[in-house]
Amino acid sequence: MTNTAPASPIAFLADEIARTSTLTRDLARAAGEAIASLSDQLSDPAARAAVDALVAALQVQDRVEQRLARLEAYAHRVDGGTCEDAALEGALHLDELVDAFRRHRLPGDTAAFIGVDDVELF
């Protein structure tokens, strides 16, 4: 009988983040296919504007998926024993996540957060 240690809570978190990312990707794919089907049939400007709003929503979903992928990488880095801020920031990669991490690690150090409100374009 083999006795295996349970996976770490951080590994569980990373796996669940990856699953969540897959779910959002599947949702976006299905929504994108529906939007493409609808957009070919629309001539009404209001209906076209609604389709454009749906496309914008899918762009937000793409950003969510990017953030989830970076959070998954961060969780794997932590699970691997890395606790150095520079290595953790590197795993986060996206400026908005790095800034949020710095705010978390260095509350009150406003000099570290110049440009915090700037969102990286994708």
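One is the number of the first residue; the rest follow in order along the sequence.
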Inset, instruction - For atom CD of Gln41, decide whether the heavy atoms of other residues, nucleotides or ligands shown that lie under 6.0 angstrom number more than 12. - result: yes
Legend entry - Under 3.5 Å donor-acceptor, Arg70 side chain and Leu97 backbone: no
Inset, instruction - Check step by step if side chain to side chain contact (heavy atoms under 4.5 Å, CB included) holds for Leu13 and Ile17. - result: CA-CA 6 Å; Leu13 176 64; Ile17 289 170; 3.9 Å; yes
Legend entry - Thr22 side chain near Asp26 side chain, heavy-atom distance below 4.5 Å: yes
Inset, instruction - Evaluate the side-chain proximity of Asp85 to Phe101: yes if any heavy-atom separation is below 4.5 Å, no if none is. - result: yes
Inset, instruction - Would you indicate whether the side-chain heavy atoms of His93 and Gln66 approach each other to under 4.5 Å? - result: no
Legend entry - salt bridge (charged side-chain N to carboxylate O under 4.0 Å, His left out) against Glu72, all qualifying residues, sequence neighbours excluded: none
Legend entry - Rounded distance [0.5 Å steps], CG in Asp95 versus CZ in Arg102: 8.5 Å
Inset, instruction - Taking all heavy atoms of Ala75 and all of Ile10, pick out the closest pair and write down the distance. - result: O-CG2, 2.9 Å
Pairs under 3.5 angstrom only: tabulate donor-acceptor contacts from the side chains of residues 43-57 to other protein residues two or more places apart or in another chain.
residue : atom : partner : partner atom : Å
Asp44   : OD2  : Ala47   : N            : 3.3
Arg48   : NE   : Leu42   : O            : 3.3
Arg48   : NH1  : Ser39   : O            : 3.4
Arg48   : NH2  : Ser39   : O            : 2.9
Arg48   : NH2  : Leu42   : O            : 3.0

Legend entry - Test item: Ser37 side-chain N/O and Glu33 main-chain N/O as donor-acceptor pair under 3.5 Å: no
Inset, instruction - Look at Glu96 together with Arg63 and state whether they make a salt bridge at an N to O cut-off of under 4.0 Å. - result: yes
Legend entry - Heavy-atom pair of closest approach, residues Ala87 and Arg77: O-NH1, 2.8 Å
Legend entry - Over all atoms of both residues, closest heavy-atom pair of Ala28 and Gln61: CB-OE1, 3.1 Å
Legend entry - Nearest heavy-atom neighbours spanning Ser8 and Ala11: OG-N, 3.0 Å
Inset, instruction - May I ask you to test the Leu92-Leu71 pair for a side-chain heavy-atom distance under 4.5 Å? - result: yes
Legend entry - Least distance between heavy atoms, Ser21 atom then Glu65 atom: OG-CG, 3.2 Å
Legend entry - Inter-residue atom distance Tyr74.OH - Leu94.CG, 0.5 Å rounding: 14.5 Å
Inset, instruction - Taking the side chain as every heavy atom from C-beta outward, state whether Leu23 and Arg19 have any atom pair closer than 4.5 Å. - result: no
Inset, instruction - Nearest 0.5 Å please: distance from the CG atom of Leu88 over to the NE2 atom of His104. - result: 10.5 Å
